[in-house]
Amino acid sequence: MNAFGLKLVAAIGVALMDATVAVCCGPLLWRVWGGVAWARVGLLLLAGGCSFTLADIWAATIHPGRRPLASEDQNALSYPGAETPMEPSDV
């Protein structure tokens, strides 16, 4: 199996597992913690973060040559006109 096939299988697997957890556990979590305002915000932020991660996985599968959205590349921390890239401790 080629690299695209492996990425496609991984993306489908992650999507299916994410959907299973959301369908099985989501209603129960919302019923228990949905009445508490700070917990509701936390659940919505968690769902948003999972959606962003899943979208990034699918984008990396469909467009293999692109740079990931959550890059740890040191050059991503540089600013225009800088001689050398900034160190993570400088940010």
Side-chain angles (χ1 to χ4, degrees):
M1 186 178 271
N2 60 9
F4 177 75
L6 290 175
K7 287 182 180 182
L8 186 62
V9 168
I12 291 171
V14 169
L16 288 175
M17 288 185 281
D18 190 31
T20 303
V21 169
V23 168
C24 294
C25 301
L28 178 65
L29 286 171
W30 191 258
R31 218 175 304 140
V32 172
W33 292 102
V36 181
W38 63 267
R40 184 181 302 172
V41 171
L43 288 172
L44 291 174
L45 286 174
L46 179 65
C50 291
S51 298
F52 175 79
T53 303
L54 191 59
D56 192 36
I57 290 170
W58 276 101
T61 301
I62 295 169
H63 303 289
R66 75 165 185 82
R67 189 169 147 181
L69 296 176
S71 176
E72 295 182 11
D73 184 16
Q74 290 295 323
N75 293 330
L77 297 176
S78 64
Y79 56 93
E83 301 296 325
T84 59
M86 295 174 58
E87 293 296 322
S89 60
D90 295 338
V91 177

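FYI, the numbering just counts along the sequence from 1.
Summarising the hydrophobic clusters (Ile, Leu, Val, Met, Phe, Trp, Tyr; side-chain heavy atoms under 4.5 Å, direct or chained), the residues clustered with L45 are V41. V23 belongs to no multi-residue hydrophobic cluster, having no ILVMFWY side-chain contact under 4.5 Å with any other such residue. Residue V21 belongs to no hydrophobic cluster, having no ILVMFWY side-chain heavy atom closer than 4.5 Å to its own.
To the nearest 0.5 Å, atom CG of residue L8 and atom CD1 of residue I62 are 8.5 Å apart.
Contact record, T61 with F4: O-CE1, 3.3 Å, taken as the closest heavy-atom pair. Here the closest heavy-atom approach between residue P27 and residue A22 is recorded as CD-O, 3.5 Å. Nearest heavy atoms, W33 versus A39: O-CB, 3.6 Å. Across all their heavy atoms, L43 and L29 have their closest contact at CD1-O, 4.0 Å.
Every side chain to side chain contact (heavy atoms under 4.5 Å, CB included) that L6 has, sequence neighbours left out, goes to M1. Every residue was checked against the side chain to side chain contact (heavy atoms under 4.5 Å, CB included) condition with A10, not counting sequence neighbours, and none meets it. Applying the side chain to side chain contact (heavy atoms under 4.5 Å, CB included) rule to L44 yields the partners W30, R40; only residues at least two apart in sequence or on another chain are considered. Legend: residues meeting side chain to side chain contact (heavy atoms under 4.5 Å, CB included) with A19, ordered by chain and number and at least two apart, are absent.
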- [ ] Evaluate side-chain contact (heavy atoms from CB on, under 4.5 Å) for T53 paired with W58, printing each intermediate quantity in order.
- [x] CA-CA 9 Å; T53 303; W58 276 101; over 6 Å; no
